[in-house]
Amino acid sequence: MTNPLVDLRVSARAPVLLTNLASVAMGFALFGSNIVFPQLLELPAELGGLGLDILAASMIMMPAGLAMLAVSPLAGRIERRTGPKALFVAGGAVIALSYAVAVALDLRAGHILAINIAIGVGIGLGYAAMPTLIMRAVPAHETGAANGLNTLMRSLGTSTAAAVVGAVLAGASTAGGAASGPSSSGFATALLLCLVAAVLCAVVAALIPAPRAHVGEHTSLPD
């Protein structure tokens with residue numbers, strides 16, 4: 001095919017491929033918290049949850065989004081000094097550390113608030129680095145398609161998290177009819193999966209090699 005919508009030969013380049021794989025892992029780590037924490041916050045206290053109503057739980061979850069917004073300008077400055085790869089690794093490391101704390105603690109509302117804000121900071125750092133890593137590794141005329149594919153990889157991570165974490169929590173539900181809900185072991189397993197995803201993100205990001213072509217270089221691909 002002469003003019004493919006997405007040239008898989010470009011996507012197979014090591015810097016692009018590893019960035020996309022790390023993006024899947026970060027997407028998983030991002031969405032895992034959006035499933036686990038609201039359920040833990042709203043689960044009745046007699047079932048091991050915190051028993052908050054939906055408004056109170058939302059107020060605890062909301063600052064993570066504000067943290068992503070606030071860290072964006074800072075991420076740009078850090079990226080100019082350290083490069084996008086270091087920024088991506090730092091984002092994955094912050095998320096991994098946040099989940100490690102979540103796994104270790106007997107979570108309360110204040111813990112979840114602080115941990116979720118830290119996850120938001122990590123996501124803000126990582127998501128700021130992804131487009132630059134992609135654009136540095138592909139020809140200028142492929143940047144739109146390559147970044148579109150990277151966005152799809154993030155969505156793949158979030159969709160996978162929804163399925164996997166949802167299945168883990170459903171499989172670990174306590175019996176009790178209408179009052180049933182995920183058990184503490186289910187929450188611990190789900191958080192551990194998110195921790196593994198964040199660690200994988202940081203490790204894969206650290207393995208991203210320097211691109212062979214500079215930004216803006218119009219390289220021709222073999223037919």
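The two atoms that bring L191 and F37 nearest to each other are CD2-CE2, 3.9 Å, heavy atoms only. Scanning all heavy atoms of the two residues, the minimum distance from L43 to G48 falls at CD2-C, 4.4 Å. The minimum heavy-atom distance linking L87 with T82 is given by the pair N-OG1, 4.3 Å. Heavy atoms only, all atoms of each residue included: A129 and P84 are closest at CB-O, 3.2 Å. Of all heavy-atom pairs between A29 and C194, the closest is CB-O, 4.1 Å. Nearest heavy-atom pair, A190 versus L169, reported as atom, atom and distance to 0.1 Å: CB-CD2, 4.1 Å.
Screening residues 106-118 for side-chain hydrogen bond (donor to acceptor under 3.5 Å, both in side chains) gives D106-R108 as the qualifying pairs, with residues at least two apart or on separate chains.
In this structure the side chain of L41 reaches within 4.5 angstrom of the side chain of M61, judged on heavy atoms. In this structure, the side chains of L52 and I60 come closer than 4.5 Å at one or more pairs of heavy atoms. For the pair F88/C201, a side-chain contact is recorded, criterion being any heavy-atom separation below 4.5 Å from C-beta on. Counting heavy atoms from C-beta outward, P131 and T143 have side chains that stay 4.5 Å or more apart. Within the 4.5 Å cutoff, no side-chain heavy atoms of N147 are placed close to those of V138.
For S183 (side chain) and A172 (main-chain N/O), a donor-acceptor pair under 3.5 Å exists by modelled atom type. Not a single donor-acceptor pair under 3.5 Å links the side chain of S159 to the backbone N or O of L156. Although no hydrogens or angles enter the test, the distance criterion places no donor-acceptor pair under 3.5 Å between the side chain of K85 and the main chain of A205.
Atom CG in L47 sits 12.0 Å away from atom CD in Q39 (nearest 0.5 Å). Atom-to-atom distance recorded for S11:OG and L17:CG is 8.5 Å, nearest 0.5 angstrom. Put simply, CD1 on I119 and OG on S33 are 4.5 Å apart, with the number rounded to the nearest 0.5 Å. Within the model, atoms CG of L30 and CD1 of I123 stand 4.5 Å from one another, a figure rounded to the nearest 0.5 Å. Distance check: S23 OG to M130 CE gives 3.5 Å after rounding to the nearest 0.5 Å. Once rounded to the nearest 0.5 Å, the distance linking CG of L133 with CG of N150 reads 9.0 Å.
A continuous path of hydrophobic side-chain contacts links Y99 to I35 [ILVMFWY only; heavy atoms under 4.5 Å]. Hydrophobic clustering of Ile, Leu, Val, Met, Phe, Trp and Tyr side chains at less than 4.5 Å, counting indirect connections, keeps V121 apart from M26. Residues I78 and Y127 do not share a hydrophobic cluster, defined by chaining ILVMFWY side chains whose heavy atoms lie under 4.5 Å apart. Note on I117 and V71: separate hydrophobic clusters, where clusters join Ile, Leu, Val, Met, Phe, Trp and Tyr whose side-chain heavy atoms are under 4.5 Å apart, directly or indirectly. When hydrophobic clusters are built by joining Ile, Leu, Val, Met, Phe, Trp and Tyr residues whose side-chain heavy atoms come closer than 4.5 Å, directly or via intermediates, L200 is not grouped with V164.
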For this session: Give the intermediate values and the outcome of side-chain contact (heavy atoms from CB on, under 4.5 Å) for residues L50 and E42.
Result: CA-CA 6 Å; L50 299 178; E42 297 177 50; over 6 Å; no

For this session: For the pair V168 and V165, evaluate side-chain contact (heavy atoms from CB on, under 4.5 Å) and give the outcome as yes or no after the intermediate values.
Result: CA-CA 5 Å; V168 167; V165 175; 5.6 Å; no

For this session: Walk me through it: do L195 and I95 pass the test side-chain contact (heavy atoms from CB on, under 4.5 Å)?
Result: CA-CA 8 Å; L195 170 59; I95 299 169; over 6 Å; no

For this session: Give the intermediate values and the outcome of side-chain contact (heavy atoms from CB on, under 4.5 Å) for residues V24 and N20.
Result: CA-CA 6 Å; V24 173; N20 284 335; 5.8 Å; no

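Applying the side-chain contact (heavy atoms from CB on, under 4.5 Å) rule to L152 yields the partners L149; only residues at least two apart in sequence or on another chain are considered.
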